[in-house]
Amino acid sequence: MRTSLRRYLPLILALALVVAACSSDGGDGAGDTTTMAEGMDMEADADHESEYEFGDPMEASDASRVIEITANDDFTFSPPSVGVEEGETVTFRVTNAGVIPHDFTLGDSDMQDEHEAEMAEMSGDMAMHDEPNAFVLAPGETKDMTWHMTESGQILFGCHQSGHYAAGMKGTITIVST
Ligand SMILES: [Cu+2]
């Protein structure tokens with residue numbers, strides 16, 4: 001018993017070091033909570049709530065104003081940038097003005113990259129399900145997404161239908177502190 005533990009101890013320590021190195025790698029200045037959230041994300045998508053650093057999903061009735069955004073077939077959103085105030089609750093009313101499906105995904109650039117990778121794995125299989133920060137829009141469809149913006153900074157909205165994000169289908173939301 002004792003001998004075998006001693007024999008495997010270096011291996012256990014080495015594994016622990018690898019795990020620690022991976023964790024700090026992904027930090028990217030965003031803090032350890034992000035790393036943990038990303039780690040959990042890979043295992044289970046279930047507890048997505050309250051893992052957003054920039055704000056929280058809200059009911060439409062909580063919004064103080066509506067920001068209209070159009071998704072276009074030339075891989076643009078109009079307007080390409082919007083501004084909100086820190087602490088503000090707004091509804092993004094997104095309309096697909098085109099004849100092909102588009103989606104609207106809210107998140108910082110890391111989240112956008114992650115979502116892009118997930119969608120690429122699904123390889124164009126339109127199976128993306130709506131999440132608090134993402135929905136798919138059929139041609140002509142309009143959907144609302146309401147968020148309480150709690151952190152100043154800049155986040156993005158992007159479309160992750162195959163090839164769209166890479167073609168530049170994204171916009172910026174600047175959250176200004178008050
Ligand atoms: Cu699109």
Side-chain angles (χ1 to χ4, degrees), residues 26 28 30 34 37-38 40-42 44-60 62-86 88-176:
D28 217 353
T34 311
E38 281 169 3
M40 292 192 310
D41 245 22
M42 290 171 73
D45 248 345
D47 19 63
H48 240 340
E49 288 89 23
S50 75
E51 283 170 12
Y52 305 96
E53 290 184 3
F54 53 89
D56 303 296
M58 303 292 281
E59 295 297 319
D62 295 321
S64 55
R65 67 183 171 113
V66 173
I67 296 175
E68 295 192 357
I69 297 173
T70 305
N72 309 301
D73 281 351
D74 64 354
F75 309 123
T76 61
F77 284 106
S78 41
S81 61
V82 300
V84 301
E85 287 183 355
E86 188 183 39
E88 201 179 5
T89 298
V90 295
T91 292
F92 299 101
R93 179 161 296 157
V94 191
T95 299
N96 181 353
V99 298
I100 58 172
H102 292 287
D103 66 62
F104 179 85
T105 300
L106 204 62
D108 59 32
S109 59
D110 284 351
M111 290 168 66
Q112 298 288 348
D113 290 346
E114 236 176 83
H115 199 109
E116 180 69 6
E118 280 171 19
M119 289 297 282
E121 266 174 48
M122 291 188 221
S123 66
D125 162 20
M126 276 276 295
M128 173 182 156
H129 52 281
D130 288 1
E131 292 180 51
N133 68 326
F135 50 54
V136 182
L137 295 158
E141 195 174 19
T142 297
K143 283 184 183 174
D144 285 358
M145 183 185 289
T146 303
W147 275 74
H148 179 214
M149 299 304 197
T150 55
E151 290 290 326
S152 62
Q154 196 170 74
I155 59 169
L156 302 169
F157 49 96
C159 172
H160 297 278
Q161 296 299 301
S162 187
H164 295 204
Y165 192 71
M169 192 160 187
K170 62 182 90 168
T172 56
I173 299 170
T174 304
I175 306 164
V176 294

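Note that ligands are numbered from 1 as they come in the structure, with each ligand's atoms numbered from 1 the same way. When a residue number appears, it is its place in the shown sequence, counting from 1.
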Val94 backbone acceptor or donor facing Lys143 side chain under 3.5 Å: no
Checking one value in my table: which N/O/S atom of His164 lies closest to the Cu ion (ligand 1)? ND1
In His102, the N/O/S atom nearest the Cu ion (ligand 1) carries the name ND1
Do the two ring centres, one from Phe92 and one from Phe157, sit under 6.0 Å apart? no
Would you say Tyr165 reaches the Cu ion (ligand 1) with an N/O/S atom under 2.8 Å? no
Asp108 side chain to Ile155 main-chain N or O, any donor-acceptor pair under 3.5 Å? no
Any donor-acceptor pair under 3.5 Å from Asn72 side chain to Phe75 backbone: no
At the Cu ion (ligand 1), what angle lies between atom SG of Cys159 and atom SD of Met169, rounded to 10 degrees? 110°
